[in-house]
Amino acid sequence: MSTVETQIQVQLPDGNKKTLDAGATAADLAKSIAEGLFRKSVGALVNGEIKDLYTPLNDGDTVQLLTPDNPESLELLRHSTAHVMAEAVQSLFPSAKIAIGPSIQDGFYYDFEIPDHSITPQDLEAIEKRMLEIAKENQRIVRYNIPDVDKQIDEFQKQGEKFKAELLLEHRDHDPTLYLMQDKDGNTVWNDLCRGPHLPGTKDIKAFKLLKVSGSYWRADESRERLQRIYATAWWSKKDLEDYLKRLEEAEKRDHRKLSKQLDLFSVHEEVGPGLIFWHPNLATVRDTIEDYWRQEHRRRGYSFVYTPHIANEQLYKISGHLENYGENMYSPMDIDGEDYRCKPMNCPGHIMIYKSKLRSYRDLPVRYAELGTVYRYERSGVLHGMLRVRGFTQDDSHIFCTPEQLEGEINDVLDLIDSLMTTFGYKYKAYLSTRPEKSLGTDEEWEMATNGLENAMKARGLDYEVDEGGGVFYAPKIDIKLFDAIGREWQGPTIQVDLNLPKRFDVTYIGEDGNRHQAVMVHRAVLGSMERFCGGLIEHYAGRFPTWLAPMQVAVLPISDRHQERAKELSEALRKQDIRVHLDDRPETIQYKIRDAQMEQTPYMLVIGDKELEDNVVAVRHRQGGMVGTMKFEEFLEKIKTEIQNREA
RNA sequence: GCCGUUGUGGCUCAAUAGGUAGAGCUGCUGUUUUGUAAACAGCGGGUUGCAGGUUCGAUUCCUGUCAACGGCUCCA
């Protein structure tokens with residue numbers, strides 16, 4: 001480090017260099033470029049990291065000033081708004097102790113411990129009001145290096161800010177900083193232990209909304225203090241805020257539980273038990289169609305279908321290790337003839353039993369078993385959620401047994417299967433490779449073989465992926481695929497794991513070319529995940545408007561009056577014979593009423609039959625989204641819809 | 001499981017400062033025979049999640065419980 005430099009040089013995003021006085025901050029840089037830029041700047045990206053606007057720069061730094069036009073600046077705004085919220089909460093509830101308040105996707109939260117009060121929705125309004133006042137005061141947010149950590153810890157202790165004291169103790173060697181909120185006279189009115197970064201002041205904080213209150217734990221640890229968390233969102237402009245709230249509304253409209261009531265899709269019954277799904281005919285049709293497609297795709301790719309029992313002697317799960325590692329999620333044993341049996345929580349042991357039912361040669365491999373296997377898992381009552389989180393569900397499960405040499409090729413095939421299924425449903429996706437975690441079974445060589453198998457297959461396909469270092473499960477590296485739905489929301493999608501545990505526990509082997517026994521490589525994979533979650537997600541993805549090939553009802557035939565019934569009936573039967581799901585609405589209702597009903601049920605096509613159609617021997621085709629399509633020969637319509645279904649058009 | 005909120009006919013929602021609930025849609029019946037998102041009329045339908053308690057009286061207040069919802073946590 002040079003000691004007597006009087007000038008520094010920084011690099012700007014456009015590649016130009018700028019010379020500044022030593023000790024200059026990002027703010028100085030902004031000023032030196034343009035006064036307007038300075039006024040707009042709220043922070044800076046220094047060597048790729050978000051920093052305060054008043055961060056001193058060093059020689060050689062690459063600096064990009066952040067204004068509200070940069071998406072990164074939202075993080076600054078949200079984190080700063082979180083501080084304002086905490087300040088407001090403490091001013092309204094003096095007994096509140098602050099924990100942490102990070103920015104998260106689309107917003108932020110802050111955790112509090114308030115011993116004598118539970119925050120209500122009405123409180124949120126009051127807090128918002130106080131926040132607006134603080135923002136209006138344009139308090140300055142000033143970074144302050146803690147000179148004497150012990151003294152500051154004492155200070156926090158005295159104030160009862162035990163969480164801050166605990167954090168500071170932990171970060172004492174990381175140059176801890178406070179952020180001070182100062183009024184216009186420079187008096188500090190509030191402070192928070194925080195590494196930042198923050199906006200220079202609160203004046204730009206104006207478009208925010210507190211969304212909900214929930215419970216949480218200090219450090220996400222159930223054995224520690226219970227906290228109250230306020231979730232909120234913040235944006236640079238009122239318009240952005242409104243757009244975001246609209247998006248939330250849109251998501252709410254797509255809620256599969258809500259759509260289920262409108263479209264008669266599924267139900268859950270208190271008398272039966274939470275988390276247990278009843279599939280009504282409409283959704284059962286969708287599922288059945290998906291399953292047919294699923295079977296076809298698997299058959300074509302050399303999978304064999306198997307069925308395994310729903311209960312098993314718990315010995316099986318002792319061998320598999322599920323009882324030991326997964327026991328909390330399994331249902332209590334039932335006594336059958338003095339033996340303890342369990343509901344199956346996973347399909348793998350069953351598939352292994354089939355594999356092991358005879359001696360396998362390397363010539364038999366790979367063996368690919370697939371099952372739409374229904375499993376039951378205990379989920380804590382608070383986590384159940386519609387069809388997305390349930391206690392009984394059917395996995396589209398498969399286990400591939402192969403040799404180490406075959407692994408990469410098998411993974412490649414699975415990735416190909418995933419691609420065709422996800423593309424058909426219109427999901428975009430992204431792959432993540434999770435590697436060996438700290439606590440894990442198996443040898444380095446095994447992990448390397450398995451991880452390479454996964455990674456090489458992705459590389460071979462040119463599939464983009466991110467690596468989640470150490471994110472694997474204790475017995476397997478895995479590929480997780482995240483799906484992005486029609487409105488850009490993320491869903492957990494397909495998963496592939498190379499199991500390094502079960503083949504050993506069950507002694508899963510094959511006879512190699514050399515005549516010796518070798519341990520088989522075992523791959524678990526699910527593409528849809530579970531039928532429950534997948535279909536629940538699909539409802540939201542399509543907003544209840546299933547594409548024609550999946551739609552519970554594909555065509556509504558609507559005669560205008562009684563004299564058109566006969567022809568309508570004839571057409572419905574012709575459609576039914578072609579395996580098209582058709583509903584003849586022969587009620588004595590007006591055509592408007594029948595159309596409205598079919599629209600509400602999201603029937604893709606409506607065929608209106610009246611005098612004109614009889615006379616010209618045509619059908620009047622209406623589509624649920626485009627309205628009137630036009631009149632055409634029935635055969636023409638039939639061909640059109642058959643093609644659409646066959647191609648599984650979106 | 002924990003924190004918070006909620007729980008009224010099939011659905012959406014109203015009402016009661018404690019005096020045993022009301023509307024629209026749905027359903028059924030009748031009339032209407034209809035031209036691209038709701039014809040008209042009539043009739044049904046709820047011991048206000050469940051169990052206790054307070055009270056002359058509870059759906060309304062209290063306690064417990066179950067479930068749902070929003071999170072925590074976890075995950076297919």
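Order of the sequence lines sets the chain letters (A, B, ...), proteins ahead of strands, with each chain counted from 1.
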Anything under 3.5 Å between a protein N or O and an N or O of nucleotides 72-75 of chain B, put it in a table, one pair a line.
| unit_1 | atom_1 | unit_2 | atom_2 | d |
| --- | --- | --- | --- | --- |
| B:C72 | OP1 | A:Y231 | OH | 3.3 |
| B:C72 | O4' | A:G215 | O | 3.1 |
| B:C74 | O2 | A:R389 | NH1 | 2.3 |
| B:C74 | O2 | A:R389 | NH2 | 2.4 |
| B:C74 | N3 | A:R389 | NH1 | 3.1 |
| B:C75 | O2 | A:R533 | NH2 | 2.8 |

Just the rounded figure in Å: distance from [atom2] of [N] to [atom1] of [X].
| X | N | atom1 | atom2 | value |
| --- | --- | --- | --- | --- |
| A:R391 | B:G1 | CZ | C1' | 10 Å |
| A:R257 | B:A67 | CZ | P | 16 Å |
| A:F266 | B:G10 | CZ | P | 19 Å |
| A:R224 | B:C3 | CZ | C1' | 17 Å |
| A:D264 | B:U26 | CG | P | 16 Å |
| A:E271 | B:A67 | CD | C1' | 10 Å |
| A:Q262 | B:G10 | CD | P | 18 Å |
| A:I479 | B:A76 | CD1 | C1' | 17 Å |

Legend entry - Donor-acceptor pair between A:T81 and A:H79 side chains, under 3.5 angstrom: no

Inset, instruction - Please list, chain by chain and in numerical order, all residues satisfying salt bridge (Lys or Arg N to Asp or Glu O under 4.0 Å) with A:R368, sequence neighbours excluded. - result: A:E410

Inset, instruction - Go through the structure and list residues passing salt bridge (Lys or Arg N to Asp or Glu O under 4.0 Å) with A:E113, not counting sequence neighbours. - result: A:K162

Inset, instruction - Would you list the pairs meeting salt bridge (Lys or Arg N to Asp or Glu O under 4.0 Å) in which at least one residue belongs to residues 97-106 of chain A, sequence neighbours left out? - result: none

Legend entry - Pairs meeting criterion salt bridge (Lys or Arg N to Asp or Glu O under 4.0 Å) with involvement of residues 375-386 of chain A, two or more places apart: A:E222-A:R380, A:E379-A:R389

Legend entry - Short side-chain N/O contact to B:G4 OP1/OP2 from A:K212, under 4.0 Å: no

Legend entry - A:H385 vs B:G71: side-chain N/O to OP1/OP2 distance below 4.0 Å: no

Inset, instruction - Could you note down all residue pairs passing side chain to side chain donor-acceptor pair (under 3.5 Å) where residues 621-632 of chain A supplies at least one of them, sequence neighbours left out? - result: A:Q599-A:R622

Legend entry - Qualifying side chain to side chain donor-acceptor pair (under 3.5 Å) pairs, either residue in residues 417-429 of chain A, two or more places apart: A:Y293-A:T424, A:R301-A:S420, A:D419-A:Y429

Inset, instruction - Between protein and nucleotides 34-51 of chain B, map the contacts as a letter string: B base, S sugar-phosphate only, - none, heavy atoms under 4.0 Å, written 5' to 3'. - result: BBBBBB------------

In whole Å, measure the gap between the [atom1] atoms of [N] and [M] for me.
| N | M | atom1 | value |
| --- | --- | --- | --- |
| B:C11 | B:G70 | C1' | 23 Å |
| B:G1 | B:U73 | C1' | 9 Å |
| B:A51 | B:A39 | P | 43 Å |
| B:G18 | B:U59 | C1' | 10 Å |
| B:A67 | B:C50 | C1' | 10 Å |

Please enumerate all residues that pass side-chain contact (heavy atoms from CB on, under 4.5 Å) together with [X], with sequence neighbours excluded.
| X | result |
| --- | --- |
| A:D597 | A:R587, A:Y593 |
| A:A312 | A:L316, A:Y317 |
| A:H298 | A:W294, A:Y303, A:F305, A:A370, A:L417, A:R525 |

Legend entry - Quiz item: cation-pi between A:R229 and A:Y109, 6.0 Å / 45°: yes

Inset, instruction - Give the dot-bracket string for RNA chain B, reading 5' to 3', where a pair is Watson-Crick or G-U wobble with both distances under 3.5 Å, ( ) marks pairs inside the strand, [ ] marks pairs crossing earlier ones, | marks a partner on another strand, and . marks unpaired. - result: (((((((..((((.....[..)))).(((((.......))))).....(((((..]....))))))))))))....

Inset, instruction - Please work out if A:L384 contacts a base, only the sugar-phosphate, or nothing of the nucleic acid, heavy-atom cut-off 4.0 Å. - result: sugar-phosphate

Inset, instruction - Answer yes or no: is there an ion pair linking A:E566 with A:K569, defined by an N-O contact shorter than 4.0 Å? - result: no

